[in-house]
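Quick note on labels: first sequence line is chain A, next is B, and so on, each numbered from 1.
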Number of protein chains: 2
Amino acid sequence: MTYAHYTLKDIAKALKLSPSTVSRALRDSHEISKETKVLVNDFAKKVNYRVNPIARGLKVRKSFSIGIIVSEIANNFFSQVVDGIESVAYAKNYQVVIAQTKESAERESLHVEQFYARSMDGILMAMSSETHNYEYLHDLIQRGFPIVFFDRVPQQLNSPKVITDNKKGAYEAVQYLANQGCKRIAHLTSSKKLSNSMERLAGYKLALMANHQEYEEKLVKYCDYGGLQQTEIEEALHELAKEQFDGIFISGDRLTTGYLQALKKFPGLISDQIPIAGFTNSDLVDIFSPSITAVRQSAFEMGKRAAELLIEQIEAKGAKPEYQTEVLPVSLIHFAE
Amino acid sequence: MTYAHYTLKDIAKALKLSPSTVSRALRDSHEISKETKVLVNDFAKKVNYRVNPIARGLKVRKSFSIGIIVSEIANNFFSQVVDGIESVAYAKNYQVVIAQTKESAERESLHVEQFYARSMDGILMAMSSETHNYEYLHDLIQRGFPIVFFDRVPQQLNSPKVITDNKKGAYEAVQYLANQGCKRIAHLTSSKKLSNSMERLAGYKLALMANHQEYEEKLVKYCDYGGLQQTEIEEALHELAKEQFDGIFISGDRLTTGYLQALKKFPGLISDQIPIAGFTNSDLVDIFSPSITAVRQSAFEMGKRAAELLIEQIEAKGAKPEYQTEVLPVSLIHFAE
DNA sequence: TTGAAAGCGCTAACAT
DNA sequence: ATGTTAGCGCTTTCAA
């Protein structure tokens, strides 16, 4: 290694102290004299000493790093969540490692495996839309490995969760469409396996009922990959084109943008005058065409809370945490033509 | 540690072998008998053994992880580069750690520091638009620490680089505008510190010349934070509104979308009929309004090549690599109204 | 072909 | 207040 660092030993030798004294001085232990601390710290600074986290991790069985698993960082919602996570992780000196599943259950479990094997101190994750096997996660959690779920969470697992008030968000979006005069509102959503989709579906139904509109199976289209494959959205669009709907509520970031793209690609198939309300945290909604009403999640806040819960859990060695589920608010934003 | 893993020792004890034999068997050493290998590997699989990379790293002085530094992952261009990097890193069993600078030089050096201290095997980075001090990077490189630069690269540093054919991309974009009949083409660009901006400016000038159009200082507006702050774009817009330009070439992802957003925000200030050509890798360009012509970079490919170069360098212990600069092609894509 | 022993850099009992 | 020692889990001489 040509770019070798100074080690504790080096400093100890140079200062004629023992490595343990140096270690303690560096970590400001109370059992070290003021003079020694000054001596050590000055020297350390001079030679630009950095503790080796690999060695430290091996010793204290901690890596001071946490893993994040999301479907893809290109999704604005997730990149905002990541920003939130980083804001607390960095403050507490944890490194964050991001992994993408691209909605593949296999990649997801591989990443969990990797994170576990690499001695991550804990994991923050939003499930892939494909996942249906929670067995291995259950095991991990049972064995005390800290995991906090956010956004897309597995109900059956007993671990802290941070989610959005999906039902309310959906309800308000559909209510808004109804207020605009829509009498037959379609719904485009993703996999039935996703917790948030199901909650949004519930909100959709509730709002229909509140407006004395009938719930019709054929007005609801599912995209199993959450729109990661544009073809599934295009198929849904062609299906929907057979129905006479006059408003549409869309359940996810990728689906919302995908719907707009499909409208463009098949002009005349579905009128772009039909009002659209959709979940999206894209920061480009204002330049979308046609204009839409966006249901925005508190993404940054979600990342923040999830990270806080995780680090609490990591640092509360042993003490079983309460497995609460935190619910964050949504907001509707309208964009004029 | 409640969620303890099996260790080499555990396996050795269970199989009545020595840890060294187990270690060798697991890594398929030629000096281990076929039978022992089978025995060990079967058992390892059974108990779901994973080597502890922390311990291994401490021993072999390698962490099998590489750091990525970009301004922000929300930027589609960078998220595509990251995808490219991951595609080769995972294949070679390296973990990737992503850090965002948000265009801050301070955060950038902090991240480099952190990566170095955490024994990353190497770094892949695109400079922040604020960076002007390359001293510490120079030192690191001198000491043999592997760094590969991409997209926004420091000319003065002697390290491998992967960039886009910016000059050509700019030239073609401006040529296209000229072909559309534009006689006075403005240019919106980012910091003068960024290598790619300067190359694009050169391409812009060249194309103007080729079309016998005069280069005018006042038609070129700089945004020091690359549009990360929307206000700087809005200011540029107000400045530009004073000029009679009939076409605009924009030099970056964030700037391109920011320009469109500013157009929306200040209707009437600048006609949205004025043709726009801009660098962007957004995968939502087709639903932007107004429509634009996009200059697309080979982002995925860039990540791939950069990662390959870095891993080559990491694994070519000592042997000084050739410090080539690789140039990747761009393509123009037009979107109809 | 296998094992014993040392050591990567650090921390934490346990001395002193 | 400081030092000694052992050991985290792994790899790697060196010896058998």
Rounded to whole Å, how long is the line connecting atom [atom1] of [X] with atom [atom2] of [N]?
X	N	atom1	atom2	value
B/Lys34	C/dT2	NZ	P	13 Å
B/Tyr49	D/dG9	OH	P	10 Å
B/Glu35	C/dT2	CD	P	8 Å
B/Lys62	D/dT11	NZ	P	13 Å
B/Phe64	D/dT11	CZ	C1'	12 Å
B/Arg27	D/dC10	CZ	C1'	9 Å
A/Tyr6	C/dC10	OH	C1'	18 Å
A/Leu58	C/dA12	CG	P	13 Å

* Asked: OP1 or OP2 of D/dA1 less than 4.0 angstrom from a side-chain nitrogen or oxygen of A/Ser33, does that happen here?
  ->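 Looking at the OP1 and OP2 atoms of D/dA1, neither is under 4.0 Å from any side-chain N or O of A/Ser33.
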### Message
Does a side-chain N or O of B/Thr21 approach OP1 or OP2 of C/dT1 to a distance below 4.0 Å, or not?
### Response
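The answer is no; no side-chain N or O of B/Thr21 sits under 4.0 Å from OP1 or OP2.
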Here's a test of your reading of the structure: between A/Arg50 and A/Glu31, which maps to the more 5' nucleotide of DNA chain C?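 Nearer the 5' end of the strand: A/Arg50.
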Whichever of B/Ser18 and B/Ala55 has its nearest DNA chain C nucleotide further upstream toward 5':
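It is B/Ser18 whose nearest nucleotide is closer to the 5' end.
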For the CD atom on B/Gln155, are there more than 12 heavy atoms of other groups (residues, nucleotides or ligands in this structure) within a distance under 6.0 Å?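 Result for CD/B/Gln155: enclosed.
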| said: Just checking A/Tyr225: does its OH atom have more than 12 heavy atoms from other residues, nucleotides or ligands closer to it than 6.0 angstrom? | reply: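 Atom OH in A/Tyr225 is not crowded, with 12 or fewer foreign heavy atoms closer than 6.0 Å.
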Is the base of [N] touched by the side chain of [X] through a donor-acceptor pair closer than 3.5 angstrom?
X	N	answer
B/Lys59	D/dG9	no
B/Arg24	C/dG3	yes
B/Ser20	C/dA4	yes

B/Ile147 and side chain to side chain contact (heavy atoms under 4.5 Å, CB included): which single residue from B/Ile69, B/Leu157, B/Ile141, B/Leu310 fits?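 One option only clears the test, and that one is B/Ile141.
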Fill in: Comparing A/Lys16 and B/Val51 on DNA chain D - which has the more 5′ nearest nucleotide
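Looking at the nearest nucleotide for each, A/Lys16 comes out on the 5' side.
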- Query: So what does B/Leu17 touch, heavy atoms closer than 4.0 Å: a base, only the sugar-phosphate, or nothing?
  - Reply: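 Answer is sugar-phosphate: B/Leu17 comes under 4.0 Å of backbone atoms only.
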When you look at B/Tyr116 and B/Arg143, which way does the side-chain hydrogen bond (donor to acceptor under 3.5 Å, both in side chains) test go after all the steps? CA-CA 12 Å; B/Tyr116 183 59; B/Arg143 283 144 74 191; 3.1 Å; yes
Closest to the B/Arg56 side chain, choosing from D/dC10, C/dT2, D/dG9: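 For the B/Arg56 side chain, the nearest candidate turns out to be D/dC10.
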- Query: Going by atom types only, do B/Tyr94 and B/Lys62 share a side-chain donor-acceptor pair under 3.5 Å?
  - Reply: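 Checked: B/Tyr94/B/Lys62 side chains pair up, N/O donor to acceptor below 3.5 Å.
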